2 protein chains.
Amino acid sequence: MQAKVLREFSRGRHKHSACITDALKAAEHSCKERGIRFTAIRRRVLELVWASHEPVKAYDVLDILRNERSSAAPPTVYRALEFLLEEGLVHKIESLNAYVGCGEPGHLDSGQFLICSSCGEVAELDDPELVKLITEKAKQIGFSIKDQIVEILGCCSQCLSSK
Amino acid sequence: MQAKVLREFSRGRHKHSACITDALKAAEHSCKERGIRFTAIRRRVLELVWASHEPVKAYDVLDILRNERSSAAPPTVYRALEFLLEEGLVHKIESLNAYVGCGEPGHLDSGQFLICSSCGEVAELDDPELVKLITEKAKQIGFSIKDQIVEILGCCSQCLSSK
DNA sequence: ATATGTAATGTTATAATATAACATTATATA
DNA sequence: TATATAATGTTATATTATAACATTACATAT
């Protein structure tokens, strides 16, 4: 069984304005459906997170936001990120303290991330087989799962081949 | 196939001084074997990490160390932790920014962690099947793995049954 | 036993990440 | 239009981690 790739490594091509547009539309739709407010700040933070191929730091978002909105401060960004995380619109990469747009908004599992330490990009997989195996292992010792974090560190194929 | 449990949930019993002693002995042995210095600071930090059933924060270690050694400062602790991480004597739990003793020092894989949000304890598994599956999935998209982070959040059996 | 290079630790300062707490404003809807 | 709630503004501070340079301890070559 092949894992579904929710987010690919960019491989130099792919200036992903289309991804951003799609992500914003999907977010808008998903929020409207649930009667949740997709405010200007939240939209803009999501856009900034998507704007980079690499995971984005909260304070990098803040630096940009400050140029646009004099009132921007750490809570501005962290609240927006918290909202986006809760709504499944972004993921936090724990090992980097950074954020990426969710490849499939609204989607249930938390995703598995491949982190290339060479180019800094991150791919997202959705692999039900892996999720299932982890769930089974936990069950064997009576552990009830709320969330799974899978972050795979290494080198992507593009970077490997350009060495 | 059953995962090997490198570190168990304590379940109230198990005041684990024996674990600490074993861990220190194993660490000493492993360092001696490799001609690496297991200094007093490093030993003490490892001991303090092991002293708790729960993952330990760097600054909690520092608070204790300050009472024993007037020169203790953040770098004292972070350097010791960095050393212990490199030598495979402790693990960092990325989602908690905290550290646990490695259930099997010197051991190759990075372990899979079950984190109970109720009691705060962490169990460590070594599951070759899971490692293998992750490795295969990565391979399918041409990704070369350096390290795997698996942190499973939820509730341990003890806490589940005491609800 | 002493000199010497390297590794470890000491010391000070600061960077990077994140949250608390309370005030104000905007929005939905009764 | 009043009101409750959610969102944002604002200030301050907590938490986590590293940089940079000085000093000390240790291993080992002589």
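Just so it is clear: chains get the letters A, B, ... in the order the sequence lines come, proteins before strands, and each one is counted from 1. Since the model is a prediction, treat every value here as computed from it, not as a measurement.
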Distance test, side-chain N/O of [X] to OP1/OP2 of [N], below 4.0 Å:
X: Lys57(B); N: dT16(D); result: yes
X: Thr39(A); N: dT8(D); result: yes
X: Arg42(B); N: dT9(C); result: yes

key: Cation over ring face, Arg7(B) and Trp50(B), 6.0 Å, 45°   =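 The answer is yes; both the distance and angle limits are met.
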Side-chain donor/acceptor of Tyr59(B) to base of dA17(D), under 3.5 Å = yes
message = Need one value for Arg79(A): base, sugar-phosphate or nothing, where a base atom within 4.0 Å counts as base even if backbone is also close, heavy atoms only.
response = base
request  = Quick one: label Phe38(B) by what it contacts on the DNA or RNA (base, sugar-phosphate, nothing), any heavy atom closer than 4.0 Å.
outcome  = nothing
message = In this structure, how many angstroms lie between the C1' atom of dT8(D) and the CZ atom of Arg44(A), rounded?
response =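 After rounding, the gap between these two atoms is 18 Å.
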message = Over 60° means perpendicular and under 30° means parallel, so tell me whether His91(A) and Phe113(A) are parallel, tilted or perpendicular.
response =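 Perpendicular: the ring planes of His91(A) and Phe113(A) meet at over 60°.
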Phe143(B) and Cys159(A), any side-chain heavy atoms less than 4.5 Å apart = no
ask   = Counting only non-hydrogen atoms, which of residues 66-73 of chain A are less than 4.0 Å from DNA chain D?
value = Arg69(A), Ser71(A), Ala73(A)
ask   = Which is it for Arg42(A) and Glu87(A) under the salt bridge (Lys or Arg N to Asp or Glu O under 4.0 Å) test, yes or no, and what are the steps along the way?
value = CA-CA 11 Å; Arg42(A) 290 166 175 177; Glu87(A) 298 306 317; over 6 Å; no
